[in-house]
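Below: one structure, written as structure tokens.
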Amino acid sequence: MDAKYLALAQMAVGGGLMGMAYALVAYGFQLTHAAGKAVNFGQGELVMLGAFAGISLSGIGLPYWLSVSGAMVVGALLGWFVERIAVRLALQQRNEGWILLTIIVGLFCVSLVENIWGREDRPFPTPWPAGALDFFGISVTWPELAIAAGALSIMTLVELAKRYTMVGIAVQAVSADPDAAELCGIRSRSAISLSWAVSGAAAAFAGTVIGPVTTVGPTMAAALTLKAFSVAVVAGLDSGFGLVIAGVALGAAENLSGYLLGSGWREAPGLILLILALALRPQGIFGKKIIRKV
Amino acid sequence: MLRAENLRAGYGGGDAVRGISIEVAEGSCVALVGANGAGKSTLAKALCGLVTPRGGKVFFCDKEITGLPASDVARRGLCLCPEGRRVFGPLSVEENLLLGAYPRLSSFGPFRRAASGDLQRIYAMFPRLGERRMQQAGSLSGGEQQMLAIGRVLMARPRLVVLDEPSMGLAPVVVKEVFEAIRSLHASGMTILLSEQFAKIALALSDHAYIIERGSVVLEGASKGLAKNPAVVAAYLG
């Protein structure tokens with residue numbers, strides 16, 4: 001194959017694999033939106049905190065899998081915490097203050113990280129082999145594969161739990177009709193808290209798989225929130241399948257525009273996608289039409 | 001079994017329920033009769049914890065339950081089948097029924113097997129739900145959704161069922177079917193509080209009734225007597 005096209009394909013594949021991480025973070029948006037009609041605009045900060053928690057846990061000598069699990073527990077606690085302190089009260093008063101509050105909690109997390117871990121980017125240690133795999137001339141590194149495999153398995157696990165456990169079915173009931181769920185004896189608030197915890201754990205997990213590819217620093221958060229938000233808006237807030245497609249497409253587009261137009265243009269596709277999606281199809285390409293009740 | 005004392009409740013400015021006292025004895029069927037907007041649904045919601053009362057008290061099985069969250073009230077056996085059916089549209093018929101038994105089922109274990117006895121009982125009562133058990137609840141007809149809503153509330157093994165406007169928006173032939181089900185439920189010994197604007201059927205079905213107008217009880221008594229009361233006949237049965 002022509003070397004030029006091969007380089008483009010290489011860029012697209014690398015970006016696409018990274019895009020699976022965007023899809024996973026966006027999936028966290030979907031989870032909390034389905035259950036409680038709110039999302040965490042500090043989701044990127046949870047990704048970052050998850051990555052730092054993972055680094056610190058492996059720093060004290062824990063094996064890789066335990067560090068990742070520990071980071072997910074931290075993420076779950078943080079997700080639960082954000083809902084309790086920032087979102088619940090605002091939603092009870094039927095105002096949109098939660099948007100600002102989640103952003104503020106996120107900013108607070110960035111300062112916290114800078115104070116605890118400093119401003120430098122750090123590598124994330126992994127047990128994966130150093131080399132790259134070669135698929136028809138396109139090389140894929142193990143950490144990149146870990147992103148895709150990890151993101152897909154987390155999303156699959158949560159989706160299976162939603163369908164085949166009573167708790168999962170109850171969470172779906174709460175997203176369909178919280179009052180009717182209460183009448184069945186389901187505590188809607190607990191179900192919403194659970195969604196936020198799972199969403200936080202997914203974000204932290206995303207941090208532990210992104211970290212080895214991009215290195216980990218306090219600046220990774222803001223860009224990630226925006227990218228994941230673009231993915232969620234493009235895919236629609238109710239389509240899990242759409243997230244993966246949109247995430248992979250965005251990741252690939254970023255890498256390609258960085259390669260073709262210069263690295264300053266890397267972030268452009270995400271913003272353009274977001275603007276186009278909001279203007280042309282607010283319910284998302286894969287989403288169902290939102291019917292607003294009067 | 002259920003007793004409300006001087007209950008007041010509402011949304012926003014005014015009260016939709018203005019000091020209502022009612023009582024439902026164990027094993028009886030009590031009807032709340034009144035026009036659309038009289039406050040029957042707000043009363044039903046306030047009894048079951050979906051609306052927090054602004055005044056008055058609710059007792060269930062001799063314990064005060066005023067202001068408890070709806071999920072706790074439901075767990076005590078006071079279960080509301082809400083106005084407008086409120087089935088979980090995206091979920092299957094069987095999942096809807098399983099959710100009715102949620103407090104009793106283990107979260108991760110073989111919950112379908114644990115509930116199979118109750119499911120069979122509901123499918124025997126409403127064979128059409130059994131035929132459609134894997135279908136999305138949102139795709140059912142209005143009558144089938146009403147049966148599903150009643151089935152779901154029965155899955156909870158309630159001690160008292162509050163049925164709020166079970167005939168709303170249904171074709172006459174389906175209304176008959178739904179009330180047949182309620183009648184046999186009552187015959188089997190279930191305690192029922194029925195809120196219904198279709199006064200004729202409600203009075204025929206119930207033992208005792210309260211006529212509600214503008215948030216207050218204006219008349220009460222044995223249903224048979226009320227059905228012959230000239231004021232009731234003129235206003236509701238004419």
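The chains referred to below are lettered A, B, ... by the order of the sequence lines, with proteins before strands, and numbering in each begins at 1.
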Do [X] and [Y] make a side-chain contact, defined as non-hydrogen atoms from C-beta onward lying under 4.5 Å apart?
{"X": "A/Phe229", "Y": "A/Leu274", "answer": "yes"}
{"X": "A/Val231", "Y": "A/Phe29", "answer": "no"}
{"X": "A/Leu278", "Y": "A/Val233", "answer": "yes"}
{"X": "B/Leu193", "Y": "B/Leu163", "answer": "no"}

Does a salt bridge link B/Arg128 with B/Glu144, judged by any charged N lying under 4.0 Å from a carboxylate O?
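Yes, this pair counts.
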
Can you pull every donor-acceptor pair closer than 3.5 Å across chain B and chain A?
| from | atom 1 | to | atom 2 | distance (Å) |
| --- | --- | --- | --- | --- |
| B/Ser71 | N | A/Glu182 | OE1 | 2.8 |
| B/Ser71 | OG | A/Glu182 | OE1 | 3.0 |
| B/Asp72 | OD1 | A/Arg187 | NE | 3.4 |
| B/Asp72 | OD1 | A/Arg187 | NH2 | 2.8 |
| B/Arg75 | NE | A/Gly185 | O | 2.8 |
| B/Arg75 | NH2 | A/Gly185 | O | 2.7 |
| B/Arg86 | NE | A/Asp177 | OD2 | 2.6 |
| B/Arg86 | NH2 | A/Asp177 | OD1 | 3.1 |
| B/Ser107 | O | A/Met166 | N | 2.8 |

Find the one option among B/Pro90, B/Cys48, B/Ala74, B/Ala70 whose heavy-atom pairs under 4.5 Å with chain A are most numerous.
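Most heavy-atom pairs within the cutoff with chain A belong to B/Ala70.
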
At a heavy-atom separation under 4.5 Å, does B/Leu80 approach chain A through its side chain, its backbone, both, or neither?
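Interface part for B/Leu80: both.
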
B/Leu50, part contacting chain A, at a heavy-atom distance under 4.5 Å:
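Only the side chain of B/Leu50 comes within 4.5 Å of chain A.
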
Quick one: what part of A/Ala161 sits under 4.5 Å from any heavy atom of chain B, side chain, backbone, both or neither?
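Contact with chain B involves no heavy atom of A/Ala161 at all.
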
In this structure, are over 12 heavy atoms from other groups packed under 6.0 Å from B/Glu26 atom CD?
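No, because the 6.0 Å sphere around CD of B/Glu26 holds 12 heavy atoms or fewer from other groups.
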
Taking B/Arg132 for its side chain and B/Leu129 for its backbone only, find out whether a donor-acceptor pair lies under 3.5 Å.
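Not a single qualifying donor-acceptor pair exists.
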
Most heavy-atom pairs under 4.5 angstrom with chain B, which of A/Gly168, A/Ala176, A/Ala173?
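Heavy-atom pairs under 4.5 Å are most numerous for A/Ala173.
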
Is the distance between the ring centroids of B/Phe198 and B/Phe179 under 6.0 Å?
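Not close enough - the centres of the two rings lie 6.0 Å or further apart.
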
